[in-house]
2 protein chains.
Amino acid sequence: MITTANVKNGVNVDQLVETIGAVQQNPELAKFEFKAKTNWIDGGHCVTSIKEYYGVGQDMTRDESFNMECDHPNVLLGNDTAATPPEVVLHALGSCLTGAMVYHAAAHGITIEGAESSLKGGVDLHGFLGLDPEVRKGFDGITFTLKVKSDATAEQLENLAKFSPVFDMLTNPTPVKIEIIKQ
Amino acid sequence: MITTANVKNGVNVDQLVETIGAVQQNPELAKFEFKAKTNWIDGGHCVTSIKEYYGVGQDMTRDESFNMECDHPNVLLGNDTAATPPEVVLHALGSCLTGAMVYHAAAHGITIEGAESSLKGGVDLHGFLGLDPEVRKGFDGITFTLKVKSDATAEQLENLAKFSPVFDMLTNPTPVKIEIIKQ
């Protein structure tokens with residue numbers, strides 16, 4: 001007998017239901033820890049490698065690292081070899097809002113036929129440069145505009161997207177502990 | 001006559017001082033808007049392209065796009081072809097804290113000889129899966145551990161790193177507006 005996996009929006013719904021069941025039986029499986037190593041090259045140029053994480057009760061290691069870079073454009077004193085950190089945040093947010101919508105739509109039997117988005121975030125360098133303590137250093141706000149093909153309503157889709165972890169990390173305070181080790 | 005640029009930590013300090021002077025004369029030059037386009041492939045797999053931004057009073061376009069992907073590991077129903085969005089956040093944060101420290105150190109005449117860091121962020125999937133509304137969807141906290149070679153004190157270096165825009169975006173609420181356009 002050939003069985004066909006129940007896949008919607010590219011998500012294996014059977015496996016999703018199994019995952020939820022496993023987490024309900026053993027809550028420890030839901031605890032994940034993601035990790036990264038960032039090495040400084042020079043100026044604002046850094047390289048990050050991502051390989052290991054902890055999840056589903058065990059240490060996990062990928063076969064190869066995912067390597068990513070950050071740099072700055074010439075007008076911000078860089079060599080423009082890679083995206084800036086705030087642009088990388090837009091990538092993480094756009095991918096996370098989209099993925100959250102797609103996964104939760106699959107769980108609810110909602111078909112997503114297509115999704116493409118644009119993001120923009122404004123920042124006033126008076127904050128980063130230390131010229132005005134009243135101006136924040138990060139984005140004063142981000143707009144995510146999503147064009148989506150689906151029978152669901154825009155309100156339904158927005159509510160599904162808001163399960164996004166990165167959306168939560170940005171809109172609500174996320175504690176960041178800094179440990180400096182002098183060498 | 002040959003003049004030598006005043007470069008510290010890979011940062012052109014003369015250009016940095018000029019930039020600050022230009023912003024003080026014309027505050028509009030400090031307004032930047034960063035942009036990204038994120039296209040959905042399937043499941044949690046997305047591709048982002050970054051090319052244009054607004055800054056120093058004009059629309060800027062790079063010669064080529066920076067393209068980045070996100071995916072999920074198999075245990076999170078993906079194909080593990082790229083880092084997850086929360087891991088990409090760690091990359092952005094690590095690069096931004098490092099770059100902010102390096103730029104501000106250069107401005108203060110502090111030499112950074114080397115810097116490498118590790119980051120980790122914990123998350124409980126009960127939040128994302130909608131199994132417990134009391135559990136947050138994003139990281140419950142991030143730890144950034146930086147090994148640095150410099151004559152400055154750890155406290156000085158931490159204060160310089162905290163000029164990071166991405167550190168501000170995560171530790172303080174950043175408004176995110178979601179616009180859904182049905183197609």
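These numbers come from a predicted model, not from an experiment. Residue numbering restarts at 1 for every chain, and letters A, B, ... go by the order of the sequence lines.
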Please tabulate, for the side chains in residues 17-30 of chain B, all donor-acceptor contacts under 3.5 angstrom to protein atoms that are two or more places apart in sequence or on a different chain.
residue : atom : partner : partner atom : Å
B:T19   : OG1  : B:Q15   : O            : 2.7
B:N26   : OD1  : B:E28   : N            : 3.3
B:E28   : OE2  : B:K31   : NZ           : 3.3

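- Both the backbone and the side chain of A:A100 come within less than 4.5 Å of a heavy atom of chain B.
- Contact annotation for B:V56: only side-chain heavy atoms (C-beta onward) come within less than 4.5 Å of a heavy atom of chain A.
- Residue A:D140 touches chain B through its backbone alone, counting heavy-atom pairs closer than 4.5 Å.
- Other residues, nucleotides and ligands contribute at most 12 non-hydrogen atoms within 6.0 Å of the NZ atom of A:K149.
- Only the side chain of B:F167 comes within contact range of chain A, with heavy atoms under 4.5 Å apart.
- Both the backbone and the side chain of B:L77 come within contact range of chain A, each with at least one heavy atom under 4.5 Å from a heavy atom of that chain.
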Hey, can you pull the donor-acceptor pairs under 3.5 Å for the side chains in residues 59-70 of chain A, sequence neighbours left out?
residue : atom : partner : partner atom : Å
A:R62   : NE   : B:D80   : OD1          : 2.9
A:R62   : NH1  : B:E87   : OE2          : 2.9
A:R62   : NH2  : B:E87   : OE1          : 3.0
A:R62   : NH2  : B:E87   : OE2          : 3.4
A:E69   : OE1  : A:H45   : NE2          : 2.7

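- Annotation: the span from B:L97 atom CG to A:I178 atom CD1 amounts to 5.0 Å, rounded to 0.5 Å.
- B:D14 does not touch chain A: none of its heavy atoms, backbone or side chain, sits under 4.5 Å away.
- Interface remark: A:L93 contributes side-chain atoms only to the contact with chain B (heavy atom separation under 4.5 Å).
- Both the backbone and the side chain of B:L170 come within contact range of chain A, judged by heavy atoms closer than 4.5 Å.
- With a threshold of 4.5 angstrom between heavy atoms, A:T98 approaches chain B through side-chain atoms but not through N, CA, C or O.
- Using a 4.5 Å cut-off between heavy atoms, B:V176 contacts chain A through both its backbone and its side chain.
- Within a 6.0 Å radius of CG in B:N74, more than 12 heavy atoms belonging to other residues, nucleotides or ligands are found.
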